[in-house]
Asker: 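Handing you this structure, nothing more for now.
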Amino acid sequence: MKFESMADFIGMGGHGLYVWLAYGIALVILLLNVVQPLRQTRQLLNQQARRVRREKGLS
Amino acid sequence: MSEIATNEPARRRGPTAVGVFRAALKRDLLLAFRSKSDLVNPLIFFLMVATLFPLGVSPEPGFLALLAPGLVWVAALLATLLSMDSLFRADFEDGTLEQALLSPQPLILIVLARVLAHWIMTGLPLTLMAPLLGLMLFLPAEGMGGLMLSLLLGTPTLSLIGAIGAALTVGLRKGGVLISLLVLPLYIPVLIFGSGAVQAAVTGLPLAGYLALLGAMLALGVVLAPLAIGAALRISVSG
Amino acid sequence: MAKTKTDKNWMPRWFYQLASPRWCYEITGKLLPAFSVLALVLLLGGTVWALLFAPADYQQGNSFRIIYIHVPSAILAQSCYMMMALAGAIGLIWKMKVADMVAKACAPLGASLALLALATGAIWGKPTWGSWWVWDARLTSMLILLFLYLGVMALHSAIENDTTAAQSTAVLALVGLVNIPIIKYSVEWWNTLHQPATFKLTEKPAMPPEMWLPLLVMVVGFYCFFAVSLMLRLRHEILRRERRSSWVQALVESR
Amino acid sequence: MAEPVLKVENLYSERDERVLFDGLCFEVGAGEVLQIEGQNGSGKTTLLRILSGLSRNYEGELYWRGEPMDEVVDEYRQALLYFGHLPGVKATLTPQENLGWYAALQPGTDSASIDAALRQVGLAGYEDVPCHMLSAGQHRRVSLARLYLSQASLWILDEPFTAIDKKGVAQKEQLILRHAAAGGTVILTTHHELHLDGLRRLNLDQLAGTS
């Protein structure tokens, strides 16, 4: 452990803003890269399922 | 198989590579001369961009002289880019591009002739006009030689790289903006070394190194760009 | 470019199998859990190590800890471009659909990583140089790399036909690949000319192991994450392109 | 003819998510005229563009004189004349310059016979008038003059009879017959009723129905 206390850890020796901002942005971008394809896939599957139901309903 | 089959072996030799290149160049130059506005427009644009800077930034001679090498180069780059969109578009729309793609002649020759014609019609006049812009922007007299030499070596590379973008976007309706997006990042090395050469000339440093680098990029472009342009044209026409 | 089956014979068997979108969908489905766990463990462990246990830099203090995301994302943004160009070339030469899809999946992922590298670089620049943006050679060439990615994405979205779009972007990516070393060299050279003797962000004289070990963990973690995200995007693209085929229909109905 | 000139095997193509043809197989020999039929949107033009080598969005094999197309693409292009929807004529050039450019590209053409070709399509006296001054029909005929100029053995013609009058159509039919009689091959699409002996037809609609 390089930090004495929680406040010390958050403060990062005066550079807290920069460090936490960088790690925050990293978290957001990485999460987006997982969530976006998953959401798109789910949308696509739902759309296809609706199409199948529609076509079954017609026939 | 009658006359058609027997005729073929004798005619197969056909036109030589030099002959095809010359015919293509002649045709492209002829076309460019017949539509003169296409020839003049980039030059007017070049002049106008250079006029914007003193008006927008500052007319102070010392300040402009400092900016001049970069400004003339950026203006030349934008003027080349502006003329790029129409490079293959007319040929694509009237079907002559199709015919060129279907001919048994090597496509790189036709493409290279096209780019050379484009450079003669835009890059070369831009180079010749550059001293005028240099004067308007108070570029020191020592820099003129460097300016013209760097443009002479750099603008053909701009034409070659731009032609790749033009070939990729020829089948698309909104080609104009897209082509800038594709091509501008690739123009950066030319811009760096081109304006670097002018700066070196102004400050009296040797510019052989810059010119050698511009020449190397031109050589690489002449070898590789026609391949990419040819492939891109075939893909665009196919789609 | 359209090579026929006659000259494919020297290719190993797995290469054909890879060419089948369905097989690819199934194999990525099997690989995905392992890579997800690995990426999560490495990234979490690496972050904890980087934030809590790695020593602070004697010059830059704790802002040095940004290196643990800046460097991996920068490395990955470049690897991703190479992968995109390579996949594009394979798709172009062997008309392999899956390679086209991999290339397409690489573009937004690489662009986001380049953006991350730029953002962290800028944030790191503020305490180090005193300004959010400096025309540092590495940052500048990363910015141009982002532009290249954006160009590829713009071209892809402008062309409606999937095959044509894949081939066009492959050509553009390859042209960009040839240009990347030229851009890198010219920017670095330009940079040394314009601002001599500023100290560089990442070039440290011989980092001690307790500094570079967590960095190594983070780099490997980022690669695993890259694999996960790429596979997710690839699977979406496979389903989208193959949505008319019977196996996707069966998949939809079995849900 | 023992060996077909052009052979198509298992051709598959789709456009805008619609399968145009699947498992399409046919062949044409020397001296044959093949008319591709089908409704609008049945893929006639797409098929001709694939055969010419312009479009590569297909799966399947093409063979030229028994060889896979990719290996003999240069020979194939020498033997091919493609006449598409687009005229391939530069509006700012004269008919003579246009055909001169075409002759420079095609090794099989004889540049000395450009004037004769223009006479054949009724453009004598218009040799050095820029094409944008010509009427639509004349414009089309500049393009058609390529048929008289070319020595290619395979003609692929997409709607060659649009914008020309009845007399012109009869003349073109004669030309096509002559070409076939001399051992050449013609693949074409047209809305006109053709009066040709030995005409073969390939209907894309029927194919789509069976697949």
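Residue numbers begin at 1 in each chain, while the letters A, B, ... track the order of the sequences. We use all heavy atoms of the structure for the numbers below, so side chains are in, but hydrogens, waters and symmetry mates are not.
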Asker: Heavy atoms, side chains only, cut-off 4.5 Å: are A/Y23 and C/I123 in contact?
Answerer: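 Sidechains of C/I123 and A/Y23: no contact.
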
Asker: I need the A/T41 OG1 to C/I238 CD1 distance, nearest 0.5 Å.
Answerer: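 Answer for the OG1-CD1 pair, A/T41 versus C/I238, is 10.5 Å.
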
Asker: Could you pull out all residues at least two apart from C/N62 that satisfy side-chain hydrogen bond (donor to acceptor under 3.5 Å, both in side chains)?
Answerer: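 Partners of C/N62 under the side-chain hydrogen bond (donor to acceptor under 3.5 Å, both in side chains) test: C/R65.
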
Asker: Name the member of A/I29, A/N33, A/L44 that forms the most heavy-atom pairs with chain C at distances under 4.5 Å.
Answerer: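 That would be A/N33.
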
Asker: Taking side chain as everything from C-beta outward and backbone as N, CA, C, O, which of these in A/V34 sits under 4.5 Å from a heavy atom of chain C? Side chain, backbone, both or neither.
Answerer: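 For A/V34, heavy atoms of backbone and side chain both lie under 4.5 Å from chain C.
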
Asker: Is chain A contacted by the side chain of C/W132, its backbone, both, or neither, given a heavy-atom distance below 4.5 Å?
Answerer: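 Side chain only.
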
Asker: Where is the tightest heavy-atom contact between C/V252 and A/Q48, given as atom of each residue plus distance?
Answerer: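 The pair with the smallest heavy-atom distance is CG2-CB, 3.6 Å.
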
Asker: Between A/Q47 and chain C, which part of the residue has a heavy atom less than 4.5 Å away: side chain, backbone, both or neither?
Answerer: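 A/Q47 has no heavy atom closer than 4.5 Å to chain C.
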
Asker: Check whether more than 12 heavy atoms from other residues, nucleotides or ligands sit under 6.0 Å from atom CZ of C/R244, and answer yes or no.
Answerer: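 Yes, the 6.0 Å shell around CZ holds more than 12 heavy atoms from other groups.
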
Asker: Looking only at non-hydrogen atoms, find the nearest pair between C/R243 and A/R51 and report the distance.
Answerer: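 For C/R243 versus A/R51, the nearest heavy atoms are O-NH2, 4.2 Å.
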
Asker: Any chance you could measure C/E253, atom CD, to A/K56, atom NZ, to the nearest 0.5 Å?
Answerer: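 Atom-to-atom, C/E253:CD and A/K56:NZ are 4.0 Å apart.
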
Asker: Roughly how far, to the nearest 0.5 Å, is CG of C/L116 from CG of A/L32?
Answerer: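 It is 11.0 Å, given to the nearest 0.5 Å.
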
Asker: Report all side-chain donor-acceptor pairs from residues 26-33 of chain C shorter than 3.5 Å, counting only partners two or more places apart or in another chain.
Answerer:
unit_1, atom_1, unit_2, atom_2, d
C/E26, OE2, C/R22, NE, 3.4
C/T28, OG1, C/C24, O, 2.8
C/T28, OG1, C/Y25, O, 2.9
C/T28, OG1, C/R235, NH1, 3.3

Asker: To the closest 0.5 Å, what do you measure between CD1 (A/I25) and CD1 (C/I69)?
Answerer: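 One gets 8.0 Å once the value is rounded to the nearest 0.5 Å.
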
Asker: Just checking heavy atoms, which of residues 226-233 of chain C are less than 4.5 Å from chain A?
Answerer: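 Residues in range: C/S229, C/L232, C/R233.
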
Asker: For the interface with chain C, which of A/V28, A/L30, A/V19 has the highest count of heavy-atom pairs at distances below 4.5 Å?
Answerer: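 Most pairs with chain C among the choices: A/L30.
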
Asker: Who wins among C/I66, C/T120, C/L43 for the most heavy-atom pairs under 4.5 Å with chain A?
Answerer: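 Highest number of heavy-atom pairs under 4.5 Å: C/I66.
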
Asker: Roughly how far, to the nearest 0.5 Å, is CG of A/L38 from NE2 of C/H236?
Answerer: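 One gets 10.5 Å once the value is rounded to the nearest 0.5 Å.
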
Asker: Does C/F222 have any ring-ring contact (aromatic ring centres under 6.0 Å, His included) partners at least two apart in sequence or in another chain, and if so, which?
Answerer: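 Once residues adjacent in sequence are excluded, C/F222 has no partner under the ring-ring contact (aromatic ring centres under 6.0 Å, His included) criterion.
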
